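Okay, structure first, notes after.
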Amino acid sequence: MSRARTARRIAAGAAYGGGGLGLVGVAAVGLVLAEVQFAKRTVGTGLPDPPRADGLYGSEFDGPERAAGPLRLGMLGDSTAAGLGVRRARQTPAALLASGLAAVAERPVELRNVALSGAMSDDLDRQVGLLLDAADGRQPPPPDVCVIMIGANDVTRRMPPTQSVRCLTAAVRRLRLAGAEVVVGTCPDLGTIEPVYQPLRWVARRVSRQLAAAQTIGVVALGARTVSMGDLLGPEFAANPREMFGPDSYHPSAEGYATAAMAVLPTLCASLGVWPESDRLDVSRDEDMLPVAQAASAAAGEAGTEVTAARGPWALLKHRRRRRVPGEDLAASPPPAGTPDRHSLPGPA
């Protein structure tokens, strides 16, 4: 069965009810997930909580002549969205995206990150509530745009893919109804985890790409955009694991998060109409208009690919030109302790 057809059946099951479907047998899936969990225990976690990065970015673009006020960015998801594994707030993907968005839009960005390490898709309802509902009962202004990075824990903890997609689409629907643009970083390729060996690495890749394609089908129908995380960091991890992995040898390092942020930033900016490139297809970069399921399947196999709705059952498959996130190099290589931090990323005001 093709990945597109399987992803379409998972997405349909998420919409209308039904159990999980897989490209591989239950025994094989159970075996690879057990090995992934063993790998996580082998490398160890023992990391401190991710640094809090909430606040105002790009304050240099603020001023009385800018009556529009700051853009509001919400970050949701799991440990990758939270930035587990880095020491400084400005090294988290949310901070990198907020800084990049502020620089491109030339407007300050108010960031709120509600992502939780270890979260699965069924935690997104709670996270959306944190963004949309105020503790005192007053309705806060909704985010202008939200980024969701989720899926890896759904796979390793055996959440049925239909349930995973159903939870994600419900969260996206709430955010869209509140007026927010939404960008989803789909399930990463678990076949890149170093302690998982062949042939189980191949199985992990198939299962995670299957979920990523189904996520895309589900959320594009709601007007959201997706960016394939896929094996985005795989080649870099293989070539330079000491730099691309964090202290636990499992989560990305600052360099890894900067690479992921650089892939998501163009789509984040395009969702607000501030990216210099349009949504028109560029055939010189192998962009295309395809049925949604085919676009989702193609994107799952090629990291950094954007899928956005076109018309009817069609979607655009985009390969946007990446631009370096402002301050990316400095975010990846923090100065020694005690060194004045005069040229770092714009941090929370």
Side-chain angles (χ1 to χ4, degrees), residues 7 10-18 20 50 54 72-83 93-94 97-98 111-135 139-188 208 210-229 260 264 267-268 271-272 292 296 299-300 306-309 315:
I10 292 173
Y16 304 112
D54 293 18
R72 294 178 295 274
L73 169 63
M75 191 79 172
L76 308 89
D78 54 24
S79 58
T80 303
L97 290 173
L111 169 66
R112 188 170 181 206
N113 191 344
V114 296
L116 178 67
S117 294
M120 296 189 291
S121 292
D122 57 6
D123 189 57
L124 290 175
D125 182 66
R126 181 192 65 84
Q127 295 182 27
V128 171
L130 292 175
L131 286 178
L132 300 183
D133 305 326
Q139 191 73 18
D144 294 293
V145 62
C146 291
V147 175
I148 303 174
M149 302 175 76
I150 201 79
N153 294 325
D154 296 11
V155 173
T156 61
R157 298 181 186 177
R158 307 191 194 191
M159 174 180 282
T162 50
Q163 180 184 352
S164 176
V165 174
R166 188 180 301 120
C167 292
L168 173 60
T169 54
V172 171
R173 185 178 294 108
R174 286 182 63 189
L175 293 170
R176 296 288 291 146
L177 289 174
E181 299 293 335
V182 180
V183 175
V184 175
T186 55
C187 181
S208 49
Q210 173 185 306
L211 177 58
Q215 289 175 319
T216 295
I217 293 172
V219 304
V220 165
L222 300 174
R225 302 179 186 227
T226 64
V227 178
S228 171
M229 294 291 99
V264 174
T267 301
L268 170 63
S271 72
L272 295 172
V292 174
E306 173 190 324
V307 178
T308 185

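Predicted, not measured: the structure shown is a model, and the values here were computed from it.
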key: Separation of Arg112 CZ from Leu73 CG (nearest 0.5 Å)   = 12.5 Å

request  = Sequence neighbours left out, what passes side-chain contact (heavy atoms from CB on, under 4.5 Å) with Leu222? Give chain and number order.
outcome  = Thr169, Val172, Arg173

ask   = Which residues satisfy the side-chain contact (heavy atoms from CB on, under 4.5 Å) test with Asp123, sequence neighbours excluded?
value = Leu116, Ala119, Arg126, Gln127

task = Measure the CG-CE distance between Asp154 and Met120 for me, rounded to the nearest 0.5 Å.
result = 6.5 Å

ask   = Measuring from Ile150:CD1 to Asp78:CG, what's the distance to the nearest 0.5 Å?
value = 4.5 Å

key: For Pro188 against Ala152, the heavy-atom pair lying closest together   = CG-CB, 4.0 Å

task = Indicate yes or no: at least one non-hydrogen side-chain atom of Arg174 is less than 4.5 angstrom from one of Asp125.
result = yes

query = Between Pro161 and Gln210, what is the shortest heavy-atom contact and its length?
reply = CG-NE2, 4.4 Å

inquiry  = How long is the straight-line distance from CZ of Arg157 back to OG of Ser121, given to the nearest 0.5 Å?
reply    = 11.5 Å

key: Contact summary for Gly118 and Asn153, nearest pair of heavy atoms   = C-ND2, 3.3 Å

task = Report the distance from atom CD1 of Ile148 to atom OG1 of Thr186, rounding to the nearest 0.5 Å.
result = 12.0 Å

message = Does any part of the side chain of Leu268, heavy atoms only, come nearer than 4.5 Å to the side chain of Glu181, both counted from C-beta?
response = no

query = Is there a side-chain contact between Cys146 and Leu131 (heavy atoms, below 4.5 Å)?
reply = yes

request  = For Pro142 and Arg72, work out which heavy atoms get closest and say how close.
outcome  = O-NE, 2.8 Å

inquiry  = If we ignore hydrogens and angles and just use 3.5 Å, is the side chain of Gln215 paired with the main-chain N or O of Cys187 as donor and acceptor?
reply    = yes

query = Could you state the interatomic distance from CG (Asp122) to CZ (Arg166), rounded to the nearest 0.5 Å?
reply = 12.0 Å

query = Shortest non-hydrogen contact from Pro93 to Ala81?
reply = CG-O, 4.0 Å

task = Grab the two heavy atoms, one from Pro143 and one from Gly74, that are nearest each other, plus how far apart they are.
result = CB-N, 4.2 Å

key: Student check: side-chain heavy atoms of Met149 and Met75 closer than 4.5 Å   = yes

ask   = Got a donor-acceptor contact below 3.5 angstrom from the Asn113 side chain to the Asp54 backbone?
value = no

inquiry  = Within the structure provided, determine whether Ser164 and Leu211 are in side-chain contact (heavy-atom separation under 4.5 Å).
reply    = yes

inquiry  = Quick check: do Val182 and Val219 have side-chain heavy atoms less than 4.5 Å from each other?
reply    = no

request  = For the pair Ser228 (side chain) and Ala299 (backbone), establish whether a donor and an acceptor sit closer than 3.5 Å, ignoring hydrogens and angles.
outcome  = yes

